[in-house]
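FYI, side chains are in, hydrogens and waters are out, and symmetry mates aren't considered; it's all heavy atoms of this structure.
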Amino acid sequence: MFTFKKAEKLCSKKDIELLYKSGSSKTFYPLKIFWKVNKFESKYPARVLITVPKRLYKRAVDRNLMKRRIREAYRHAKPNFYEQLLKREIQIDILIMYVGKEKEEFAAVQKSLETGLKKISEVIMK
């Protein structure tokens, strides 16, 4: 349950563009989360894309560090989030973008991501 497999990743350019255009978004500093609810097609209830803009972090080492922290925080928050989605039998596409100017510690990223996923699940359940 704490894995992050290829099937759980949002890869399609078409789906990503659709997420940007017609999805909802909210900022939970240092993260900005975009989401869009889809009909249930996959065996995983959520597909996720994690991005760190190159204009904020020029060095790939810094971008990769922040992506690893976000990915690890998502893996830990995923079981509770999946439980909520499976109750409603919906699938959601999520884009998690790092918008902080400084490199945050893992605890701050994890707290922000957990708060964001809770708020998203509350919005979806209404």
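- No donor-acceptor pair under 3.5 Å is formed between the side chain of R69 and the backbone N or O of A108.
- The pair E114-K111 does not meet the salt-bridge criterion, since no charged nitrogen lies less than 4.0 angstrom from a carboxylate oxygen.
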Could you walk me through whether L113 and I33 pass the side-chain contact (heavy atoms from CB on, under 4.5 Å) check? CA-CA 9 Å; L113 186 67; I33 302 176; 4.2 Å; yes
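- Partners of Y44 by ring pair (Phe, Tyr, Trp, His ring centres under 6.0 Å), not counting sequence neighbours: none found.
- The heavy-atom pair separating L56 from G100 by the smallest distance is CD1-O, 3.9 Å.
- Not counting sequence neighbours, the partners of K87 by the side-chain contact (heavy atoms from CB on, under 4.5 Å) test are E83, Q84.
- Rounding to the nearest 0.5 Å gives a distance of 13.0 Å between OH of Y98 and OG1 of T51.
- No donor-acceptor pair closer than 3.5 Å links the side chain of R63 to the backbone N or O of V52.
- Residues Y82 and V123 are members of one and the same hydrophobic cluster, defined by side-chain heavy-atom contacts under 4.5 angstrom among Ile, Leu, Val, Met, Phe, Trp and Tyr.
- Rounding to the nearest 0.5 angstrom, the gap separating the CD1 atom in I50 from the NZ atom in K67 is 9.0 Å.
- Residues P30 and E102 fail the side-chain proximity criterion, which asks for heavy atoms closer than 4.5 Å.
- Annotation: side-chain contact (heavy atoms from CB on, under 4.5 Å) contacts of R88 (sequence neighbours excluded): I90, M125.
- Few gaps surround NZ on K9; more than 12 heavy atoms of other groups in view lie less than 6.0 Å from it.
- Here L10 contributes atom CG and K36 contributes atom NZ; the two are 11.5 Å apart, rounded to the nearest 0.5 Å.
- For S24, the side-chain contact (heavy atoms from CB on, under 4.5 Å) partners are W35, not counting sequence neighbours.
- Within the 4.5 Å cutoff, no side-chain heavy atoms of N38 are placed close to those of D15.
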For the pair K5 and E8, evaluate salt bridge (charged side-chain N to carboxylate O under 4.0 Å, His left out) and give the outcome as yes or no after the intermediate values. CA-CA 5 Å; K5 299 185 181 204; E8 296 177 80; over 6 Å; no
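- Within a 6.0 Å sphere centred on NZ of K32, heavy atoms belonging to other residues, nucleotides or ligands number 12 at most.
- Distance check, rounded to the nearest 0.5 Å: CD1 of I92 to CG of L85 gives 6.0 Å.
- With sequence neighbours left out, F4 forms a ring pair (Phe, Tyr, Trp, His ring centres under 6.0 Å) with Y74.
- Criterion: ILVMFWY side-chain heavy atoms under 4.5 Å apart, direct or through other members. Under it, V48 and I120 are part of a common hydrophobic cluster.
- Residues S25 and F34 share a closest heavy-atom pair of CB-CD2, 3.5 Å.
- Linking Ile, Leu, Val, Met, Phe, Trp and Tyr residues whenever their side-chain heavy atoms come within less than 4.5 Å places L31 and L117 in a single cluster.
- The ring pair (Phe, Tyr, Trp, His ring centres under 6.0 Å) search around F81 returns none, not counting sequence neighbours.
- Rounded to the nearest 0.5 angstrom, R47 CZ and S12 OG are separated by 7.0 Å.
- Taking every heavy atom of both residues into account, R55 and K58 meet most closely at CA-NZ, 3.8 Å.
- Of the possible donor and acceptor atoms, one in the side chain of S121 sits under 3.5 Å from a partner among the backbone N and O of K118.
- Separation of atoms CD (Q110) and CD (E104) is listed at 13.5 Å; rounding is to 0.5 Å.
- Heavy atoms from other residues, nucleotides or ligands lying under 6.0 Å from CD of E122 number more than 12.
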